[in-house]
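Read through the structure below, which is laid out as structure tokens, and then see the notes.
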Amino acid sequence: MDPVFLSGQLFTGLSVASLLLLTALGLALSFGLMRVINMAHGEFLMIGGYLTFIAAKVAGPGFLWLAFPLAFVGTALLGALLEATVIRRLYGRPLDTLLATWGISLILQQGARQIFGSTGVPVTAPDWLNGAVTVHGGPLDSLTFPYVRLFVIVLSALVLGGMWLLLSRSRFGMHVRAVNQNREMAAALGVNTRQLDMLVFALGAGIAGIAGVGLALLSPVNPAVGSAYIVNAFLVVVVGGVGSVLGAGAAALLLGFTTALAEGLTSSSLAQAIMLILVVAFLQWKPKGLIPTRSRALEDA
Amino acid sequence: MNHQTNRRARHLTLLLTLSLFGSASAQGTVKVGVLHSLTGTMSISEITVANAAQLAVDEINAGGGVMGKKIEVVKEDGASDWPTFATKAEKLLTQDKVATVFGGWTSASRKAMLPVFEKNKGLLFYPVQFEGNECSPNIIYTGAQPNQQALPALEWAMSKGYKNIFLLGSDYVYPRTANLILKKHITDMKGKLAGEEYVALGGTEFSSVINKIKAAKPDVIINTLNGDSNVSFFKQYQAAGYSAKTLPVISFSIAEQEAQSIGPALLTGQYATWNYFQSLPNAANKKFVAAYQKKYGANAAITDPMAHAYMDVYLWKAAVEKAKSFDPAAVRKAIVGISVDSPLGKITVDANGSLTQTVYTGMSGAGGQFKVIGQSKGVVAPQPYDALAFPGKTCP
């Protein structure tokens, strides 16, 4: 394979991975802690996209400074609201959460259709993100790295790093890990698990909102956009090891590079099938994923 | 006592209404079906097409109807699900006993409905461009055949010096068949195929595709992506540093409505080929655009399939009046040779049930409208079977 093409595909793999990671992180978080199979996660992404559109309407071309806080806070608040009204009542019943959140996702989609119409809304990246770094000379001459792709890669690295710091270095993170390992024990030792559930669910939703900003720069913003990403996000969570944030990161990279390599060697439509087959084979070999979380709660399930 | 009288009175009113309604439908109205996806992924495109057909019906009714009868629309939802299209078509033909049906968008929906129309001897007006390679006496194909959109676009590209061509499409029947035909003609016209790539319907990730395009260094991309994939493609194409100036794209499924949701800025200077653009200056079109926007919103975008759907109703009316009958077989026979002055310009129905119509190449401007920059020399007769790709096949 031509070295420029190969390097281009490696970069593609990294950028696909970063998108996958952004969409899957919140899902990994809420599934890991609360065993909520959140089918509405894709719709948080969608709402992040629409909030980006609103930010662009309000703030003009330099809208990103407004889009990030708006998308994060907006989706986090919605997440908290959903947790308090619906999901809270369904803990310990994974199948019920699946059905309920699926219903919620349909309601959110239809809501978006009522407000914004079934045709997508246009969001275009600001001018400073248009364009690319190009390598001149050497064996990789004319290899390009689009700014917007680099932006999304940096964004997802920052979010992953931030999450890792939050979970491993803060008091909040310690509580999350404690509840993850043994909910009853943590509660007995004074952790307010109800409040923690709500915060974690809101945080997961907020991260999806941030992912929505990244997606709006690369993809359509319409009522169906969430469902386009939800399957791959679940794949990342399952391959990474349910509930593991670092596992999600590793799985996103693995899936990203596999897809890019398969797309480079065959065709885009075949690559998706190849990736699914590899995922199935992988799960036969490591049913608990790349980095399994040791958790009594999950083992009992 | 009082209660019972009330109930009896209600029954009587109901009976009266029913009998009035029954006699009205026997004498004063004729039923037609409008069958489009009003929900699901295709509703984005098909709702407006159904609206355009309804507009034509309203206009005809306001002008006295067809052969003295008012048209009554039975609207059904195909729900973006192909078996549903077949079920609803069956219902329209056997239960509602409609005189004709206007509907369908995807080739999958048409192929699902085709046996139903043939079995029940019904008549379907299909308003969307498609891949050809099909011919049924029970379908009037009013959208472009490949030789009325894809091939003129190829000829136009070649004439501009774009000889090295990359074919990009969604992975389903229309792009695969259209590109099969295009490839034969690229070879025939001494052009070069730079590459060919298909992305799953609804796909959003184009990094690899753009990487392949970069490696192939084409002069032009012929784009048969459908739906929202276009939004992702044009966003990522611009991010990779391409524009209409560095690498032009000719699209077959992007019209005014799609341009709005992609964001006109991303499309500026790109090309599309259709039989109709909202900007066409003829009087019939100005009237159509004004009437549509009055009914469905001043900013509503109007597209080729909508114009076809609108005109289809008038075409059917003309054929009914010529046949002096609502019978589908008589209408099908009478429709051959009929000409109408429509928003698309003058069109004529060919013996094979498709239209002779003009082909336009448009360039997308800042407002999401297309400026006509090229058109076929006169009208183009339809060829359902391409002679190079499907030698020897003809319509019965």
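Lettering of chains follows the sequences in order, A, B, ..., and the numbering in each one begins at 1. Bear in mind the structure is a predicted one, so any value in this text is a computation, not a measurement.
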Ignoring hydrogens, what is the shortest heavy-atom contact between [X] and [Y]? Give both atom names and the distance.
{"X": "B/N211", "Y": "A/Q9", "result": "ND2-OE1, 2.7 Å"}
{"X": "A/V148", "Y": "B/A239", "result": "CG1-CB, 3.1 Å"}
{"X": "A/S268", "Y": "B/Y198", "result": "CB-O, 3.4 Å"}
{"X": "B/E197", "Y": "A/S267", "result": "OE2-CA, 3.4 Å"}

Would you mind checking which part of [X] comes under 4.5 Å of any heavy atom in chain B, side chain (CB onward), backbone (N, CA, C, O), both or neither?
{"X": "A/T266", "value": "backbone"}
{"X": "A/S219", "value": "both"}
{"X": "A/T134", "value": "neither"}
{"X": "A/E263", "value": "both"}
{"X": "A/R149", "value": "side chain"}
{"X": "A/Y229", "value": "side chain"}
{"X": "A/L19", "value": "side chain"}

Check: Is the side chain of B/K235 donor-acceptor paired with the backbone N or O of A/V123 at a distance under 3.5 Å, no angle test?
Finding: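 Checking the backbone N and O of A/V123 against the side chain of B/K235, a donor-acceptor pair under 3.5 Å is found.
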
Next item on the list: Check step by step if side-chain contact (heavy atoms from CB on, under 4.5 Å) holds for B/K214 and A/F5.
Entry: CA-CA 9 Å; B/K214 223 172 71 189; A/F5 181 72; over 6 Å; no

Notebook entry, point to check: Which of the residues B/T204, B/V209, B/I262, B/D171 is involved in the greatest number of heavy-atom pairs with chain A at under 4.5 angstrom?
Noted result: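 It is B/T204.
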
Check: Does the side chain of B/Q236 reach to within under 4.5 Å of the side chain of A/L218, using non-hydrogen atoms?
Finding: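 Side chain of B/Q236 against side chain of A/L218, heavy atoms only: contact under 4.5 Å found.
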
Check: Mind checking whether A/P220 and B/S232 have side chains closer than 4.5 Å, heavy atoms only?
Finding: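 In short, these two side chains touch, coming nearer than 4.5 Å.
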
Margin query: What's the separation between atom OG1 in A/T259 and atom CD in B/E205, rounded to the nearest 0.5 Å?
Written below: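 So the OG1 of A/T259 and the CD of B/E205 are separated by 9.0 Å.
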
Checklist line | CG on B/D228 to CG on A/N222, rounded to 0.5 Å | finding: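 Rounded to the nearest 0.5 Å, the CG-CG separation comes out at 4.0 Å.
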
Next item on the list: Assess the side chains of A/T119 and B/Q260: does a donor N or O sit below 3.5 Å from an acceptor N or O?
Entry: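 Distance-only check fails for A/T119 and B/Q260.
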
Check: Who among A/P223, A/A132, A/G131 has the most heavy-atom pairs with chain B under 4.5 Å?
Finding: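 Among A/P223, A/A132, A/G131, the one with the most close pairs to chain B is A/G131.
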
